[in-house]
Amino acid sequence: MPVNRVPVRNFVDGLFVDGPSSFDKVSPVDGVVVADVHLADSVLVDRAVQAARRALNGPWGATGVPERVALLRRVADGIEERFDDFVEAEVRDTGKPASLARQLDVGRAVVNFRQFADTVSSEGLDSFLTELPDGRRALNYAVRKPLGVLAVVVPWNLPLLLLTWKVAPALACGNAVVVKPSEETPSTATLLAEVMAAAGVPAGVYNVVHGYGASSAGEYLTTHPDIDGVTFTGESSTGSAIMRAVAPRVRPVSFELGGKNAAVVFADADLDATIQGLGRSVFTNTGQVCLCTERVYVERPVFEAVADGLTAFARGLVLGDPYEASTTTGPLISQAHRAKVSSYLDLAVEAGAEVLAGGGIPDLGADLNRGAWIEPTLWTGLDNTARVVREEVFGPVAALVPFESEDEAVRLANDSPYGLASAVWTTNLQRGHRVAQQMRVGMSWVNTWYLRDLRSPFGGVGLSGIGREGGRHSMAFYTEPTNVSVQL
Ligand code: NAD
């Protein structure tokens, strides 16, 4: 494990800048301080927004699509060249297994830049030959312009993946960005600044400010009068605060928020494949993926078999050193988050849960016991009225609940204020389609989980967000079209 305490600076107008003060970033693996993060105050945030505005008003604002596409491809190549550095930085901040950081986080960052280079090169806008009843004719066509200076505020669970999911389309469309990574995971956004500069991204186009949310860099940025929009991933309550912050100036928002995702398992499902898929969907990244399943509804005849299989899966997970090849599962992101998840473990028991697996804090030896570890946990004996079945825990936990009929399964799965994702497990193809379409979510999988095509719409309903990103849906958010009507 690397234990050097590295400085993490802000990146403003093409330069790395210290903040007026700094804070310690602690490893969730063993509690050791791993980084010294420079806080951006309101003055520095303002400088970053002004730098982005100058870039937009300068040559960057006049770049054509081919030039931006080439730049995005150079950024993707640059991440690949420094792949191991990104993996190390992501592991240092999150404690996740290095194998996961390689495959999921850093691998996807490269793909994000290439995908949006492809999308922006191939997506057109509406054009109509207009023929009015009085005989007049016109050509109506829309041109796409950047939305402007964008605040990009992102969480800690998949730091580089979620950041680049927004920065790549934003730059593809010609915007300038000020990004505020999570205080828990400041490193990869900062490393990306080095790659951006080396790839030739002009000063001011990509800025990074560090700090916390409320009364700190996050709030300074989202309340800044000169931003043109906010793209945000994080908790639903934070999304609500950001909506209030931009409301007086009526700025557009794109929100990817929390989830309380359901899986529905029918008795005809391929149980071995289902249990592997369910296990992945509950426990990937220690349950800290917005798409993770926390509610598993199982048709009565196979309830015990699924409960046994998933329990064996949970008990087979290996918690430990992120660089050990056998490690499958890292810690939670912080002691504060562990305290929150632990409180839900207590609530579940108070509500009458039977604990099938986990349920507490593991003993991993003196060093790791200073980290933010928690046991992968499964419950039965709860229903949709229990708080742990209603509220997002964002940890390696799930409640298993039996159902009797397809209608009941749909009703139970949809009984949530969230609506991000769902998964249906069945070998009956018609039922798979039928149930998936009835889910009140943005994304519904059948016989798989987190299998993504980056051209498809991504987002949620209800408390899970506003808007869709992905492919042309991202183009729609990151641009303002101007329609031109030419009489013929
Ligand atoms: P969070 O909302 O606490 O923080 C996210 C970011 O917002 C951080 O950078 C934080 O500093 C900043 N922030 C906090 N308060 C702010 C404020 N008042 N003004 C401006 N910025 C503020 O979320 P988190 O704990 O970092 O991440 C976990 C949450 O993110 C979970 O709810 C999870 O479901 C959600 N999430 C959603 C998706 C999705 O695509 N829907 C993906 C990943 C995570």
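Remember, it's 1-based here, ligands and their atoms both numbered in the order they're listed.
There is a side-chain donor-acceptor pair under 3.5 Å between Arg244 and Ser240. No side-chain donor-acceptor contact under 3.5 Å links Ser444 and Gln438.
Checked for salt-bridge contact, Asp84 and Arg102 meet the test: a charged N lies under 4.0 Å from a carboxylate O. Between Lys96 and Glu90, none of the side-chain N atoms (NZ, or NE/NH1/NH2) sits under 4.0 Å from a carboxylate O, so this pair counts as no salt bridge. In summary, Asp93 and Lys25 do not engage in a salt bridge, as defined by a charged side-chain N under 4.0 Å from a carboxylate O. A salt bridge between Asp18 and Arg9 is present, with a side-chain N of the basic residue lying under 4.0 Å from a carboxylate O of the acidic one.
Here Val289 has no heavy atoms under 4.0 Å from ligand 1, in either its backbone or its side chain. Heavy atoms of Lys180 found under 4.0 angstrom from ligand 1 belong to the backbone as well as the side chain. Looking at Leu221 against ligand 1, nothing comes within 4.0 Å, counting heavy atoms. The side chain of Glu183, and not its backbone, has at least one atom closer than 4.0 Å to an atom of ligand 1 (non-hydrogen atoms only; side chain from C-beta on). Using a 4.0 Å cut-off between heavy atoms, Tyr212 contacts ligand 1 through its backbone alone, with no side-chain atom that close. With a heavy-atom cut-off of 4.0 Å, Ala245 does not touch ligand 1 at all.
By the side-chain contact (heavy atoms from CB on, under 4.5 Å) test, Ala476 pairs with no residue at all, sequence neighbours left out. The side chain to side chain donor-acceptor pair (under 3.5 Å) test applied to Glu294 returns Lys260, not counting sequence neighbours.
The closest heavy-atom contact to atom 20 (C) of ligand 1, among the options Gly218, Ala217, Gly442, comes from Gly218.
Scanning all heavy atoms of the two residues, the minimum distance from Val393 to Val388 falls at CG2-O, 4.3 Å.
Considering backbone and side-chain atoms together, Asn157 places no N or O closer than 3.5 Å to any N or O of ligand 1. Polar contact with ligand 1: present for Glu235 (N/O pair, distance under 3.5 Å). The distance criterion of under 3.5 Å between nitrogen or oxygen atoms is not met by Val153 with respect to ligand 1.
Ranking the protein heavy atoms by distance from atom 37 (C) of ligand 1 puts Leu257 O, 3.0 Å first. Residue, atom and distance of the protein heavy atom nearest to atom 25 (O) of ligand 1 are Trp156 NE1, 3.0 Å. The single protein non-hydrogen atom nearest to atom 27 (O) of ligand 1 is Pro155 CB, 3.2 Å, given as residue, atom name and distance. Protein heavy atom nearest atom 2 (O) of ligand 1, with residue, atom name and distance: Thr238 OG1, 2.6 Å. Residue, atom and distance of the protein heavy atom nearest to atom 9 (O) of ligand 1 are Val154 O, 2.8 Å. Here the protein heavy atom with the shortest distance to atom 28 (C) of ligand 1 is Phe394 CE2, 3.6 Å. In this structure, the protein non-hydrogen atom closest to atom 36 (N) of ligand 1 is Cys290 CB, 3.6 Å.
Proximity of atom 4 (O) of ligand 1 to the protein is not indicated, since no non-hydrogen protein atom lies closer than 4.0 angstrom.
The distance between the ring centers of Phe394 and Trp156 falls below 6.0 angstrom.
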